[in-house]
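Remarks on the structure that follows.
On a predicted model such as this, the values are computed, not experimentally measured, just so you know. These values consider heavy atoms only, across backbone and side chains, with no hydrogens, waters or symmetry-generated copies.
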Protein chains: 2
Amino acid sequence: MKQLPSTQRSLPIALIRARENVMTPIRQMLSESGLTEQQWRVLRILDEHGALEPSQLAKHAALLLPSQTRIVQSMAQKGLVERREHRNDRRRTVIEITDVGQAIINDNAAKAAEIAAQIRDKLGPRRFETLLDILDDLRDLE
Amino acid sequence: MKQLPSTQRSLPIALIRARENVMTPIRQMLSESGLTEQQWRVLRILDEHGALEPSQLAKHAALLLPSQTRIVQSMAQKGLVERREHRNDRRRTVIEITDVGQAIINDNAAKAAEIAAQIRDKLGPRRFETLLDILDDLRDLE
DNA sequence: GCAATATATTTAACATGTTAATGATTGCGA
DNA sequence: TCGCAATCATTAACATGTTAAATATATTGC
């Protein structure tokens, strides 16, 4: 019978720790703008892809729809994003970034790029790419 | 000036997705016992290390103390863990697993080991170890 | 031995994660 | 065209994540 792996080498715990480590400097940056990491992700995705339907946004941002609904609502309140309805098909609401949201992206882009580069340098470009590739291979576990 | 990386190759998002993928089968297993993944982590750590002080438990389980306080309280209600106070130093409360908690570990150990093996096989042992090593290198970002 | 300090834990408050239930809208078939 | 199914989104309810404030206990300095 297979043995339970030691929690010291547990992949779930390692993934949690890694995320915590990676996000710490990003959170520090975002706290000055009063943004959460999830709100930042929404802005980044909308900046990159333009207006998106909720389900598409959720896929790109790795958010569950119920969470995203709340997040987008609060971001709309703050004027960071806007909802727009399709003329004929009312199901197809799209969410888009506002000028205010865009300004936040612009203000933080340099610092965010610096943090990303720092992580990449810490691992080395080769190991960094390897990491992304292996993480990607964890899709479709049965 | 450095460029923001595409969100498609963003490490934070990749880590979130990976965790989601890895936890899905584990959550399915735990739902039958009515446990959350965090409660399972607490049991696993206490099984492996014996009674621990809150801060030690939190480090091993990758939980923040405020979350852990609530989790342990609800687990104590259900009889899965117990708190015991140190004789002389009342700060040093320790948390330990109960027989009921131990039984849940035993009931799920085989299935959990199977899931872990499946993930390892999906990547291959070599890449699996590489993944853990690289994730570990993300400690101490500045 | 007492006040001040240091450390560890818990509470509080709000945001997000997660699953299940509800609601809204379109398209299809009788 | 009416109702029914399918799909997508939101709401609801509870658990956890996160930061800051409050609490508790022991230790230190005097």
Are OP1 or OP2 of [N] and a side-chain N or O of [X] less than 4.0 angstrom apart?
X       : N      : answer
B/Ser67 : D/dA15 : no
A/Gln68 : D/dA9  : no
A/Gln38 : C/dG17 : yes
B/Thr36 : D/dT16 : yes

query: Got A/Gln102 and A/Asp47 here, is their nearest side-chain heavy-atom distance under 4.5 Å?
result: yes
Looking at every strand, decide which applies to [X] at a 4.0 Å heavy-atom threshold: base, sugar-phosphate, or nothing.
X       : result
A/Gln73 : sugar-phosphate
A/Arg27 : sugar-phosphate
B/Ser55 : sugar-phosphate
A/Arg83 : sugar-phosphate
A/Gln56 : nothing

Whole Å only: how far is the [atom1] atom of [X] from the [atom2] atom of [N]?
X       : N      : atom1 : atom2 : result
B/Asn21 : C/dT18 : CG    : P     : 12 Å
B/Glu85 : D/dA24 : CD    : P     : 13 Å
A/Glu37 : C/dG17 : CD    : C1'   : 12 Å
A/Met23 : C/dT16 : CE    : C1'   : 13 Å
B/Gln39 : D/dC14 : CD    : P     : 15 Å
A/Met75 : C/dC14 : CE    : P     : 20 Å
B/Lys59 : C/dT9  : NZ    : P     : 9 Å
A/Leu35 : D/dT18 : CG    : P     : 16 Å

query: Hey, is the side chain of B/Arg70 pairing donor to acceptor with the base of D/dG17 inside 3.5 Å?
result: yes
- request: Dump the intermediate steps for salt bridge (Lys or Arg N to Asp or Glu O under 4.0 Å) on B/Glu32 and B/Lys111, then the final yes or no.
  value: CA-CA 12 Å; B/Glu32 297 175 15; B/Lys111 178 68 176 169; over 6 Å; no
Side-chain donor/acceptor of B/Thr36 to backbone N/O of B/Gln39, under 3.5 Å: yes
- prompt: Can you check whether B/Gln8's main-chain N or O pairs, donor with acceptor, with B/Ser6's side chain at less than 3.5 Å?
  reply: yes
field: Selected nucleotide, minimal atom distance to B/Pro66 side chain, candidates C/dT9, D/dT19, C/dT16
entry: D/dT19
task: Ignoring the backbone of B/Glu53, work out which of D/dA9, D/dA20, C/dT9 is nearest its side chain.
output: C/dT9
message: Assuming nearest nucleotide by heavy-atom distance, tell me which of B/Leu63 and A/Leu65 is located more 5' along DNA chain D.
response: A/Leu65
- prompt: Can you get from A/Val100 to A/Leu46 by hopping between Ile, Leu, Val, Met, Phe, Trp and Tyr side chains that sit under 4.5 Å apart?
  reply: yes
task: Check step by step if salt bridge (Lys or Arg N to Asp or Glu O under 4.0 Å) holds for A/Arg9 and B/Asp133.
output: CA-CA 9 Å; A/Arg9 293 292 274 181; B/Asp133 290 340; 3.3 Å; yes
